[in-house]
Q: 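Below is a structure I'd like to ask you about.
Note that the structure is a prediction, hence the values are computed from the model and not measured. Residue numbers begin at 1 in each chain, while the letters A, B, ... track the order of the sequences.
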Amino acid sequence: MKEQDGININLIDKVIANNNLWRAYKKVKANNGAPGIDGITVVQLKSHMKKYFEPLKKKLKDGTYQPQPVKRVAIPKPDGSKRYLGIPSVLDRVVQQAILQVIEPIIDPHFSEHSFGFRKGRNAHQAIILAEKYYEEGYRVVVDCDLKSYFDTIHHQRLRAYLEEFISDKIVLKLIWKFLRSGILDRDIYIETKEGAPQGGPLSPILANVYLNKLDRELEKREHRFIRYADDFVIYVKSKRAGERVMESVSKFIEQDLQLVINQNKSKVCGATTSTFLGFNIQNLMGKLDADQVSRPNNDSKTS
DNA sequence: ATCTATTTTAC
RNA sequence: UUUGUAAAAUAGAU
């Protein structure tokens, strides 16, 4: 707790440690992703890194490292709309990964027990178990709140303030800031990034969680039964009326205090049985459990 | 404990 | 073509 702050000041040395940088390289290489705007591929990455290894470490150490703009790529979403990815250069992905490897063990323990997305040792299944628990406790109305293009609307300065609560190393904070501000290259036109985290950077998921940790803490303060998986979150209440009231006050908090946008069309208050969360419907889940509990001798035509 | 490969799910 | 993180399963290397 207190000792962490002391270690925290020297985080950049942990970031640029040879074994950390090469471990980060391996992670990026293993993902086999596409190149960024410089066209350097994961195949070329190792020799590229070796060639500029010492200058790279020096620039990271003094905070003068300048990330390249991310490459904008549009991919279709299941609902037919587009999702814009921001692909950092392979080297920038290594640097982000190296920072992630150092800050994640420091930050993650401070996250909420109700947060399940993008976290070590946590998965969607555990989130569903909790949803089931809420349901069985009699919280059977779901407030389903949808954030409009969450990643793209993260407020930089607020995010930095939230990060400063966990990280005191000024150089690491500066590097993260530079990644947020490095801009987007859409074909040949450069777009400044004054808000949002690129969907594609290794740091983006943890930054998304740092930001919405503030929402978790507020919901805990209000003693709500909730589950959050990245930007997807649900609050379990006992009545439709309570749901409407919670929806209104939580929406107000999100828009005023977090400066995010609620997607009014997709947000809704409904019965737990008609809600789908993390690709799961509670009724189907209960149905499955019933089917497992009640033994059915002759129903299966399959092998046994 | 580290790492490679393949597949699936979630956002 | 299409990025990222996490989880799970399987095969394997040290």
Side-chain angles (χ1 to χ4, degrees), chain A residues 18-20 22-43 45-46 67-79 81-101 103-105 107-108 111 114-131 144-154 176 179-180 182 184-187 196-212 215 227-234 263 266 276-281 284-285:
Chain A
N18 287 8
N19 66 359
N20 189 59
W22 286 112
R23 189 157 63 93
Y25 157 78
K26 280 172 180 169
K27 196 75 198 290
V28 172
K29 175 73 190 289
N31 278 333
N32 218 330
I37 60 164
D38 59 11
I40 294 173
T41 65
V42 287
V43 177
L45 181 55
K46 194 170 190 172
Q68 293 183 280
V70 295
K71 182 181 180 182
R72 172 165 280 186
V73 174
I75 59 167
K77 284 205 276 189
D79 64 8
S81 63
K82 282 176 182 173
R83 160 175 271 124
Y84 290 103
L85 303 177
I87 305 171
S89 73
V90 286
L91 184 60
D92 287 335
R93 296 209 292 269
V94 170
V95 174
Q96 286 194 40
Q97 181 66 35
I99 294 171
L100 176 68
Q101 286 165 6
I103 68 172
E104 195 190 52
I107 298 176
D108 193 84
F111 284 156
H114 301 91
S115 167
F116 292 89
F118 308 132
R119 292 187 60 191
K120 277 225 163 17
R122 286 163 175 264
N123 57 39
H125 184 68
Q126 294 169 320
I128 296 301
I129 300 288
L130 186 55
D144 189 342
C145 226
D146 188 86
L147 299 175
K148 200 170 184 179
S149 49
Y150 166 60
F151 274 80
D152 301 331
T153 55
I154 293 174
I176 295 171
F179 276 113
L180 290 171
S182 65
I184 298 163
L185 202 65
D186 192 355
R187 303 266 191 172
Q199 298 188 59
L203 277 173
S204 297
I206 196 171
L207 296 180
N209 273 337
V210 165
Y211 202 83
L212 285 184
L215 172 65
I227 304 160
R228 186 171 66 79
Y229 195 102
D231 62 337
D232 199 353
F233 74 97
V234 288
N263 196 335
K266 288 190 184 174
T276 306
F277 179 58
L278 267 24
F280 251 109
N281 174 281
N284 291 346
L285 186 71

Q: Quickly work out the A:R93 CZ to C:U2 P distance and round it to whole Å.
A: 10 Å
Q: Considering every strand and a 4.0 Å limit on heavy-atom distances, what is the contact class for A:G117: base, sugar-phosphate, or nothing?
A: nothing
Q: Any side-chain to backbone donor/acceptor pair from A:Q97 onto A:P202? Under 3.5 Å, distance only.
A: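 Side chain of A:Q97 to backbone of A:P202, a donor-acceptor pair under 3.5 Å: no, none is there.
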Q: Once you apply a heavy-atom cut-off of 4.0 Å, does A:G121 come out as touching a base, just sugar-phosphate, or nothing?
A: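 Contact class for A:G121: sugar-phosphate only.
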Q: Please report, rounded to the nearest Å, how far the C1' atom of C:A6 is from the CZ atom of A:R119.
A: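 Between C1' of C:A6 and CZ of A:R119: 11 Å.
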Q: Between C:U5, C:U2, C:A7, which one does the side chain of A:N123 approach most closely?
A: C:A7
Q: How does each nucleotide of nucleotides 4-11 of chain B score, in 5' to 3' order, for protein heavy atoms under 4.0 Å: base (B), sugar-phosphate only (S), or none (-)?
A: SS----BB
Q: Pick the C1' atom in C:U1 and in B:dT8, then give their distance to the nearest Å.
A: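 Approximately 22 Å lies between the C1' atom of C:U1 and that of B:dT8.
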Q: With a non-hydrogen cut-off below 4.0 angstrom, is A:I87 in contact with a base, only sugar-phosphate, or nothing?
A: sugar-phosphate
Q: Is there a Watson-Crick or G-U wobble partner for C:U3 with both distances under 3.5 Å, and if so, which one is it?
A: none
Q: Determine the contact category for A:P198: base if any of its heavy atoms lies under 4.0 Å from a base atom, sugar-phosphate if only primed atoms, P, OP1 or OP2 are that close, otherwise nothing.
A: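 Since no nucleic acid heavy atom lies under 4.0 Å of A:P198, the category is nothing.
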Q: For the pair made of NZ in A:K120 and P in C:G4, what is the distance, rounded to whole Å?
A: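 Spelled out: NZ on A:K120 to P on C:G4 is 15 Å.
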Q: Distance check: side-chain N/O of A:N209 vs OP1/OP2 of C:U5, anything under 4.0 Å?
A: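 Looking at the OP1 and OP2 atoms of C:U5, neither is under 4.0 Å from any side-chain N or O of A:N209.
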Q: Which residue, A:P205 or A:K71, contacts RNA chain C at a nucleotide closer to its 5' end, judged by nearest heavy atom?
A: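 Its nearest nucleotide being more 5', the pick is A:K71.
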